[in-house]
Amino acid sequence: MTVKLLKPYKGFEIEKSYEENADGTIKKDTIVYTAYADDEDNALFDAARTLAELKKKIDIYLR
């Protein structure tokens with residue numbers, strides 16, 4: 001599994017994780033975006049299959 005740290009979004013750290021095929025390409029059905037609270041606890045917030053869906057969850061939470 002490969003994990004990449006993306007640009008933070010509204011105070012949340014965002015991680016993209018996925019598995020790769022033998023040729024190094026991303027297995028599209030394994031992509032998961034995960035948000036963590038950007039504080040000393042770095043607590044898990046939520047996860048989603050698309051970045052847009054995860055950002056929407058964060059936006060709703062921050063209302």
Side-chain angles (χ1 to χ4, degrees):
M1 177 155 306
T2 301
V3 178
K4 292 190 178 189
L5 191 59
L6 304 180
K7 182 177 163 185
Y9 181 75
K10 295 187 178 181
F12 290 85
E13 293 292 330
I14 307 293
E15 239 179 38
K16 177 182 181 180
S17 58
Y18 54 87
E19 293 181 19
E20 295 178 349
N21 294 309
D23 64 359
T25 58
I26 297 173
K27 290 183 180 179
K28 301 274 188 214
D29 62 334
T30 67
I31 297 172
V32 176
Y33 294 90
T34 308
Y36 297 91
D38 190 14
D39 58 19
E40 62 276 350
D41 293 335
N42 220 18
L44 174 65
F45 170 71
D46 209 336
R49 286 286 186 188
T50 67
L51 186 55
E53 182 182 348
L54 183 59
K55 286 181 175 182
K56 184 176 179 181
K57 289 180 179 185
I58 291 170
D59 291 341
I60 291 168
Y61 173 75
L62 293 175
R63 282 190 194 163

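Reckoned from all heavy atoms, side chains included, excluding hydrogens, waters and symmetry mates.
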* To do: Find the distance between CG (Leu6) and CG (Leu51) and round it off to the nearest 0.5 Å.
  => 6.5 Å
* Asked: What pair of heavy atoms forms the shortest contact from Thr34 to Ala47, and how long is it?
  -> OG1-CB, 4.0 Å
* Separation between CE of Met1 and OH of Tyr18, rounded to the nearest 0.5 Å -> 10.5 Å
* Asked: What heavy-atom pair brings Phe45 and Lys57 nearest, and what distance separates the two atoms?
  -> CZ-O, 4.0 Å
* Phe12/Tyr61 under side chain to side chain contact (heavy atoms under 4.5 Å, CB included): CA gap, chis, key distance, verdict -> CA-CA 12 Å; Phe12 290 85; Tyr61 173 75; 4.0 Å; yes
* Considering all heavy atoms of both residues, which atom of Tyr36 and which atom of Leu44 are nearest to each other, and what is their separation? -> CD2-CA, 3.7 Å
* **Nearest heavy-atom neighbours spanning Ser17 and Val3** => CB-CG2, 3.9 Å
* **Check: Thr25 main-chain N/O paired with Asp23 side-chain donor or acceptor under 3.5 Å** => yes
* Structure fact -> Of all heavy-atom pairs linking Arg49 and Asp29, the shortest is NH1-O, 2.9 Å
* Is there a donor-acceptor contact under 3.5 Å from the side chain of Lys16 to the main chain of Ile31? -> no
* Asked: Looking at NZ of Lys4 and CD of Glu15, how far apart are the two atoms once the value is rounded to the nearest 0.5 Å?
  -> 12.5 Å
* To do: List the steps and the verdict of side chain to side chain contact (heavy atoms under 4.5 Å, CB included) for Asp59 and Lys10.
  => CA-CA 8 Å; Asp59 291 341; Lys10 295 187 178 181; 2.8 Å; yes
* To do: Would you give the length of the straight line joining atom NZ of Lys56 to atom CG of Asp46, rounded to the nearest 0.5 angstrom?
  => 13.0 Å
* If you measure from CD on Glu53 to OH on Tyr33, what distance do you get to the nearest 0.5 Å? -> 11.5 Å
